[in-house]
Amino acid sequence: MRNIHPNTNDAYRLLHNGALALLRAEQQGMRVDMEYIERTTAQLTEQIDELEAVLKKTKFFRHWQHSRGNRAVNINSDVQLGNYIYNRLGFEPVKLTDSGRGAVDEESLLALGVPELESIIKIRKMRKNRDTYLGGFAREQVDGYVHPFFHLHFVRTYRSSSDRPNFQNIPKRDKEAQKITRQALYPRPGHQLLEFDYGALEVRIAACYHQDPNMLKYIREGHDLHADMTEQIFKIDKYDDAIDGHAHLRSAVKNGFVFPQFYGDYYGNNAADISGKWCGLKTKQWKPGQGVGFEGAHISDHLCTHKLGSLQKFTDHLKEIEEDFWENRFPEYHAWKRRWWAGYKKFGYIDMKTGFRCSGLMERNDAINYPIQGSAFHCLLWSFIELDRIMVLEKWNTRLIGQIHDAIIFDVSPNELDHVIKTIRRVTTQDLPKAWQWINVPLEVKGDLFPVDGSWASESTKV
DNA sequence: GGAACTCGCCAC
DNA sequence: AAACGTGGCGAGTTCC
């Protein structure tokens, strides 16, 4: 019988061929609009100066300056800010940093309800966009192109990383930051950007390891786990996108329960996050009329009538949900995690289905997460190598220009578009599972196509 | 003056 | 009993 599992040699070849394919993407690079960057950098500087000027006139700032004697305040110093608000003004930190000081991240500052702190947050965001992103592009560009590096040898899980500039953390979720940063990035003249992502890749690859029948069913039949969990957690009869508040709660459940649970989090954090961050219920005891909108009223109305009117009750509720999630919904996944951890403790290493071996000291969550994260990326890398090979063989004018863990970004020649999309779909969803037969779940990809000569911030269409 | 550290924050 | 995985990078700060 043919051994369908890649070995260490296969793993080595993947890295070798991956390095060569990524090199071509690095050499190609991505076009940047230097005029836009210069213009926008100046605008951001102006806006930052303005906000700082206003801030400096406030009582808040003058008191801060006074408290430091003749040492000048640096508005950008988290240490100075933390000392002032927690040691001088006497606010109680809502959370502490790893080293035990009062945190001054956005969440902590907003919790204090001080308007001056809100402008400090605004200044922070603008500096981030200006210095980290636009500044990074400007610093790294050569003749109007950035050439981000992609590395295959830094990450414990055998994922990739990227730097100079980092291609893998350009803002996307925050629409304002997305627009400011991605407006600097373009395809070659006459071309268009195309982004192809695997859908729920890590969840699918995890299923290849644990083979939980209920999870396989969700994946193969395309059922919506997040919707089911939303019904269970919020005691909703029938989840419905179209009903006020439902979609928001689904996001809350997806990002506040399901994914964190997969990474090894627990109900305590989940309950605090879902109620506080996602539902806007910041107190311990909830009263009707509070929090995000839900079915024409507020989420707290709904929770109170379902005997979930406090953080304590909601936490107890999520404790039961967590038990049910692992013991009844995904028992085989649960059993696999236990076996996998026991295997690491016995042998001192773990082997991935892609042929890689991870050794070294690991916590339980590490040992369980590494193989999933790693082999999910290897699926992407395999596809990247194969598409790069075909690109060279068929002499495409289209280029692969980058990769973000489960996505590939192309700079496409419009007259090749149809063929390129067809080839991408075939390689990513058909050729890969044929080459790696341990993949026994369907793979899905979705494409985003940007206009000809449009920036990465332009409106895209699904392909 | 640079190395190493902390913190915050961007991505998946 | 405790409790979230992987990175890069800018800025401030401390140490040598």
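Because the structure is a prediction, the values reported are computed rather than measured. Letters A, B, ... mirror the listed sequences (proteins, then strands); counts begin at 1.
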Within 45 degrees of the axis of the six-membered ring of [Y] and under 6.0 Å from its centre: does [X] put its NZ or CZ there?
X: A/R164; Y: A/F149; result: yes
X: A/K345; Y: A/W340; result: no
X: A/K353; Y: A/Y209; result: yes

With 3.5 Å as the limit, what N/O pairs link the protein to nucleotides 8-10 of chain C?
residue : atom : partner : partner atom : Å
C/dG8   : OP1  : A/S161  : OG           : 3.2
C/dG8   : O4'  : A/N166  : ND2          : 2.9
C/dG8   : O3'  : A/S162  : O            : 3.4
C/dC9   : OP1  : A/R164  : N            : 2.8
C/dG10  : OP1  : A/R139  : NH1          : 2.8
C/dG10  : OP1  : A/R139  : NH2          : 3.4

Pair A/Q232-A/D324, side-chain donor/acceptor within less than 3.5 Å: yes

Side-chain donor-acceptor pair present, A/Y218, A/R329, cut-off under 3.5 Å: yes

Over 12 foreign heavy atoms within 6.0 Å of OH, A/Y349: yes

Suppose we call a contact any N or O donor and acceptor under 3.5 Å apart; does that hold for the side chain of [X] and the base of [N]?
X: A/R124; N: B/dC9; answer: no
X: A/Q373; N: C/dG5; answer: yes
X: A/R159; N: C/dT6; answer: yes

Below 4.0 Å: OP1/OP2 of C/dG12 and any side-chain N or O of A/N76: yes

B/dC12 OP1/OP2 closer than 4.0 Å to side-chain N/O of A/Q403: no

Residues touching DNA chain B, which here means a heavy atom under 4.0 Å, drawn from residues 336-371 of chain A: none

Aromatic centroids of A/W456 and A/F167 separated by under 6.0 Å: yes

Touch class at under 4.0 angstrom, heavy-atom based, for A/Q261 against every strand present: nothing

Nearest to side-chain heavy atoms of A/R173, which nucleotide of B/dA11, B/dG8, C/dC4: B/dA11

Among B/dC7, B/dA11, C/dT6, the one nearest A/P171 by side-chain distance: B/dA11

Parallel, tilted or perpendicular: ring planes of A/F262 versus A/F330, cut at 30 and 60 degrees: tilted

Residues forming a ring pair (Phe, Tyr, Trp, His ring centres under 6.0 Å) with A/Y145, sequence neighbours excluded: none

